[in-house]
Amino acid sequence: NLNAILTLPKGTEHFISDLHGEYAAVRHILNNCSGVILEKVRLLFEQARGESACRALCSIIYYPHEELKALRERGELTAERLCSVLEDLCLLAETFSSKYTRAHVRRQMPEGWEFVLDELLHIQRDEEANQHRYHDAILDSVVATGSADNVIWALSELIKRLAVDRLHVVGDIFDRGPEPAGIVETLMRQRHIDIQWGNHDILWLGAASGSPACVFTVLRITCDYDNEATLERRYGVSLRALGEFCERVYGAADKKTRKLALSVLGFKLEGQVILRHPGYGMNDRLMLR
């Protein structure tokens, strides 16, 4: 069995780095698998249908619920269109599944949709008419019962999981962008993933662990990029105490004063770390000694 598996092509590996809290961009990169899906769609459909049709199909794969809703609102989502999309996605999923064992493909199917997807994907194009009638009956039932949107989502999810066999995140999930928490939640749903922490991630891990120097550096960067909502709404960290401190010491709590206070506190705390570790050779960074 293992020798047979070794004859299959190597799965695609996807490397991304420097995410920096830019959730919308990261989500799009993960959904389109850095162009792997579009490349395969063009291979299958471009000659017969053209570039615009290929991109329209890819949009459905990347954002199935949003695109289907938009098509329905424009009156473009007929039963025939749904069947056509389902057929295209089945063919695309078959193509991506060719480099994997059937057991592996089945494991990648979204929970609850294994039966339908398994039956749709493994019909042979040259099989007798009975099998084709069975295949068509499943598609008709999917549309008639109002399940088409969910099956399209399940097929799209399967295609994305098969398009990229393993995701490698090479540093810096956190920093200046507004939604690092959204990225973390998305990565937690990935099935095959490994992460190399970057310096910004280590900074946030240090802050979460209670390092005062890391805490105030995170606060300063957060304020520099107007991302206080990330701490307050996503992580439940109140900045009220910072505002009260600025009012008491500096007489104001506006953005400029907060940044000043955090810079001073940060330099003092960094200085303590440097003095504790002379081997760092960073005495030139003792700004407020």
Test salt bridge (Lys or Arg N to Asp or Glu O under 4.0 Å) applied to Arg176 and Glu22, step by step = CA-CA 8 Å; Arg176 59 191 74 95; Glu22 298 293 347; over 6 Å; no
query: Is a side-chain N or O of Asn32 found less than 3.5 angstrom from the main chain of Tyr62, in a donor-acceptor match?
result: no
**Prompt:** Less than 4.5 Å apart, any side-chain heavy atom of Ile16 and any of Leu30?
**Reply:** yes
Problem set entry | Glu185 with Arg189: basic N within carboxylate O range, under 4.0 Å | no
Stepwise salt bridge (Lys or Arg N to Asp or Glu O under 4.0 Å) check, Asp226 with Lys255:
CA-CA 9 Å; Asp226 297 320; Lys255 179 182 175 181; 2.7 Å; yes
From the list His168, His192, Arg166, side chain to side chain donor-acceptor pair (under 3.5 Å) partner of Glu13 resolves to His168
* Report yes if some heavy atom in the side chain of Tyr100 is under 4.5 Å from a heavy atom in the side chain of Leu8; otherwise report no. => no
Other residues, nucleotides and ligands only: do more than 12 of their heavy atoms fall within 6.0 Å of CZ on Arg191? yes
Can you tell whether the side chains of Glu244 and Arg240 come within less than 4.0 Å, N to carboxylate O? yes
Checklist entry - Under 3.5 Å, side chain of Glu179 to main-chain N/O of Gly182, donor-acceptor pair present? => result yes
Practice problem: Measure the acute angle between the ring planes of Phe245 and Tyr250, then classify it against the limits of 30° and 60° as parallel, tilted or perpendicular. | Solution: perpendicular
Evaluate Asp254 against Lys259 for salt bridge (Lys or Arg N to Asp or Glu O under 4.0 Å), listing each step before the verdict. CA-CA 9 Å; Asp254 54 53; Lys259 291 173 69 174; over 6 Å; no
Answer yes if the side chains of Asn150 and Ser147 hold a donor-acceptor pair under 3.5 Å, and no otherwise. no
Side chain proximity check, Leu203 to Trp197, heavy atoms < 4.5 angstrom: no
CG of Asp194 to CZ of Phe15, rounded to nearest 0.5 Å, is 7.5 Å
Salt-bridge contact Asp149-Arg72 (side-chain N to carboxylate O under 4.0 Å)
yes
Inset, instruction - Group every Ile, Leu, Val, Met, Phe, Trp and Tyr by side-chain heavy-atom contacts under 4.5 Å, then state whether Val85 and Phe45 land in the same group. - result: yes
- Would you mind reporting whether Asp18 and Val170 have side-chain heavy atoms less than 4.5 Å apart? no
- Trp204 versus Tyr235: any side-chain heavy-atom pair under 4.5 Å? yes
Quiz item: Are there more than 12 heavy atoms of other residues, nucleotides or ligands under 6.0 Å from atom CD of Glu76?
Solution: yes
Check whether any side-chain heavy atom of Ser97 lies under 4.5 Å from a side-chain heavy atom of Gln108, and answer yes or no.
no
Heavy-atom closest pair (Pro64 atom, Lys160 atom, distance to 0.1 Å) is CD-NZ, 4.5 Å
| Do Phe96 and Val164 belong together in a cluster built from hydrophobic side chains that touch within less than 4.5 Å? | no
Checklist entry - Is the closest basic N to carboxylate O distance between Arg285 and Glu270 below 4.0 Å? => result yes
query: Would a distance-only check, ignoring hydrogens and angles, find a side-chain to backbone donor-acceptor pair under 3.5 Å from Asn227 to Gly177?
result: yes
**Report entry** Residues Arg49, Asp88: salt bridge by 4.0 Å N-O rule
**Finding:** yes
Ser209 and Ser211 side chains, donor-acceptor separation under 3.5 Å
no
Of all heavy-atom pairs linking Ala261 and Cys246, the shortest is CB-SG, 3.7 Å
* Looking only at atom types and distance, does a side-chain atom of Asp201 sit under 3.5 Å from a main-chain N or O of Gly198, one as donor and one as acceptor? -> yes
task = Give a yes or no on whether Arg233 atom CZ has more than 12 heavy-atom contacts from other residues, nucleotides or ligands under 6.0 Å away.
result = no
Between the OH atom in Tyr23 and the CD1 atom in Ile183, the distance rounded to the nearest 0.5 Å is 9.0 Å
Does a salt bridge link Arg27 with Glu66, judged by any charged N lying under 4.0 Å from a carboxylate O? yes
